[in-house]
Amino acid sequence: MEIIRVKNAEEGGKKAFEIIKDGMANGAKVLGLATGSTPITLYKEMTSSDIDFSDMTSVNLDEYVGLGGSDEQSYRHFMNVQLFDKKPFKATYVPNGKAEDLVAACKEYDKTIDENPIDIQILGIGQNGHIGFNEPGAPLDGTTSVVDLTESTINANKRFFDKVEDVPTKAVSMGIGSILKGKKIVLMAYGENKADAIKGMVDGPVTTEMPASALQNHDNVVVIIDEEAASKL
Ligand code: GLP
C-alpha cells in the first residue's frame with residue numbers, strides 16, 4: 001500500500017482528484033464511487049474543475065435497503081447532489097435499495113460491475129474497518145449482497161437522519177471481492193476516529209474481523225490519510 005499523508009481533507013480531496021485525472025489521461029473510463037463525509041472534498045474538486053466526465057461511467061458501492069432516489073438520505077440522492085447533478089456522467093449506477101427482489105437486484109448489480117470493470121475505486125472506511133457496507137465477518141471474496149448493519153455503523157451514520165430509528169438496518173453492498181476487482185483503489189480517511197481502522201488495515205493481519213485488511217491482498221492501493229487517522233501507525 002502506498003500511504004500519502006495530508007494536512008486535512010481538503011488536501012486529501014486534491015490528491016485523490018490528481019489520481020483520478022492521471023487515470024483518465026491514461027484511459028480510465030469507470031470510477032467506483034463512495035458516499036459518506038470523507039469523499040465530499042474530492043467531489044468538490046471534481047465539480048469545481050473544468051474536467052468533462054460525460055464519457056465516464058460510475059458504479060457506486062452501496063445503498064440503504066428501503067430508500068429510493070427521492071429519499072434525501074439515500075446514497076443515490078447524495079451522489080446526485082454532490083456530483084452528478086453538477087457533472088453529468090455517461091451512466092451512473094447505484095444499487096437499488098427498493099428493488100422488490102433484492103437478491104435478483106444484487107445479481108444484476110454484479111453483472112453491471114462485470115460489464116463496467118472499475119478502473120479507479122474510491123473508498124472511505126468505517127470506524128470498525130468496514131468498506132462499502134461490508135461489516136466485520138463479511139467474506140473477503142464476497143460479491144454484491146444484502147447486509148445487516150452493525151449497531152456501531154447505525155450509530156455512526158445516525159447523524160444524517162432525524163432519529164436513530166430512521167436509520168435503515170440493512171443495505172445492499174458490493175462485496176469485498178467485487179471491490180478488489182478495481183484496477184486501482186484509493187482509500188481516504190480523516191480524523192482520530194478512523195485511527196484504529198487504519199492501523200488494522202495497514203499493519204494488522206488479513207482477517208474478516210477487519211474488512212479493509214483485505215486491501216493488503218491488492219497490489220495497487222493508495223491510502224490518503226491525515227495525521228489523526230495515521231496516529232496509530
Ligand atoms: C458508510 C459508507 C462507507 C463509508 C463509511 C464512512 O458506512 N457505506 O462507504 O466509507 O460510511 O463514512 P464517513 O466518510 O462519513 O466517515
Side-chain angles (χ1 to χ4, degrees), residues 6 8-10 12-13 15-16 31-45 58-67 71-79 81-83 93-97 106 109 113 118 120-138 142 144-161 164 166-176 178-180 182 185-201 210-215 221-226 228-230:
V6 293
N8 51 35
E10 281 63 42
K15 284 271 177 224
L31 301 180
L33 297 178
T35 54
S37 349
T38 305
I40 287 178
T41 54
L42 164 63
Y43 299 150
K44 283 211 174 102
E45 291 295 323
S58 69
V59 182
N60 256 79
L61 285 168
D62 47 14
E63 179 61 281
Y64 287 115
V65 167
L67 299 191
D71 291 302
E72 284 187 10
Q73 286 90 359
S74 72
Y75 284 169
R76 163 52 80 178
H77 182 81
F78 174 97
M79 290 308 302
V81 170
Q82 296 294 335
L83 184 60
Y93 297 98
V94 179
N96 178 5
C106 290
Y109 207 69
I113 298 166
I118 293 171
I120 303 172
Q121 174 68 58
I122 300 298
L123 291 179
I125 187 169
Q127 291 172 32
N128 60 4
H130 74 233
I131 47 176
F133 264 135
N134 295 285
E135 300 278 30
T144 306
S145 68
V146 179
V147 297
D148 290 312
L149 303 182
T150 62
E151 212 182 317
S152 83
T153 296
I154 291 171
N155 276 320
N157 288 351
K158 71 179 178 205
R159 65 191 194 278
F160 299 111
F161 294 81
V164 69
D166 293 345
V167 188
T169 56
K170 287 180 188 292
V172 174
S173 179
M174 267 169 66
I176 297 174
S178 334
I179 292 171
L180 291 176
I185 296 179
V186 180
L187 183 143
M188 297 173 285
Y190 312 118
E192 207 195 329
N193 61 357
K194 300 291 171 73
D196 285 324
I198 291 298
K199 169 83 180 155
M201 173 182 86
M210 174 53 66
S213 66
L215 300 181
V221 178
V222 179
V223 179
I224 299 175
I225 42 178
D226 66 3
E228 286 79 23

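Atoms within a ligand are numbered from 1 in the order they appear, just like the ligands themselves. Atom set for the values below is all heavy atoms of this structure, side chains included, hydrogens, waters and symmetry mates excluded.
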statement: Closest heavy-atom pair, Ile131 versus Pro211, reported as atoms and distance to 0.1 Å, is CD1-O, 4.1 Å
Spacing of Gln121 atom CD and Leu187 atom CG [to the nearest 0.5 Å]: 10.0 Å
message: Restricting to side-chain contact (heavy atoms from CB on, under 4.5 Å), what partner residues turn up for Ser145, sequence neighbours left out?
response: Val147
With the criterion set at N/O pairs under 3.5 Å, what does the list of contacts between the protein and ligand 1 look like, atom names and distances included?
from, atom 1, to, atom 2, distance (Å)
ligand 1, 7 (O), His130, NE2, 2.8
ligand 1, 7 (O), Asn157, ND2, 3.4
ligand 1, 8 (N), Asp62, OD2, 2.8
ligand 1, 8 (N), Gly132, O, 3.1
ligand 1, 10 (O), Ile125, N, 3.3
ligand 1, 14 (O), Ser37, N, 3.3
ligand 1, 14 (O), Thr38, N, 2.9
ligand 1, 14 (O), Thr38, OG1, 2.5
ligand 1, 15 (O), Ser37, N, 2.8
ligand 1, 15 (O), Ser37, OG, 2.8
ligand 1, 15 (O), Arg159, NH2, 2.8
ligand 1, 16 (O), Lys194, NZ, 2.6

- prompt: Nearest heavy-atom pair of Ser152 and Asn128: which atoms, and what distance?
  reply: OG-ND2, 3.6 Å
Partners meeting ring pair (Phe, Tyr, Trp, His ring centres under 6.0 Å) with Tyr64 (sequence neighbours left out): Tyr75, Phe133, Phe161
query: Which pairs, with at least one residue in residues 189-200 and sequence neighbours excluded, count as a salt bridge (charged side-chain N to carboxylate O under 4.0 Å, His left out)?
result: Asp196-Lys232, Lys199-Asp203
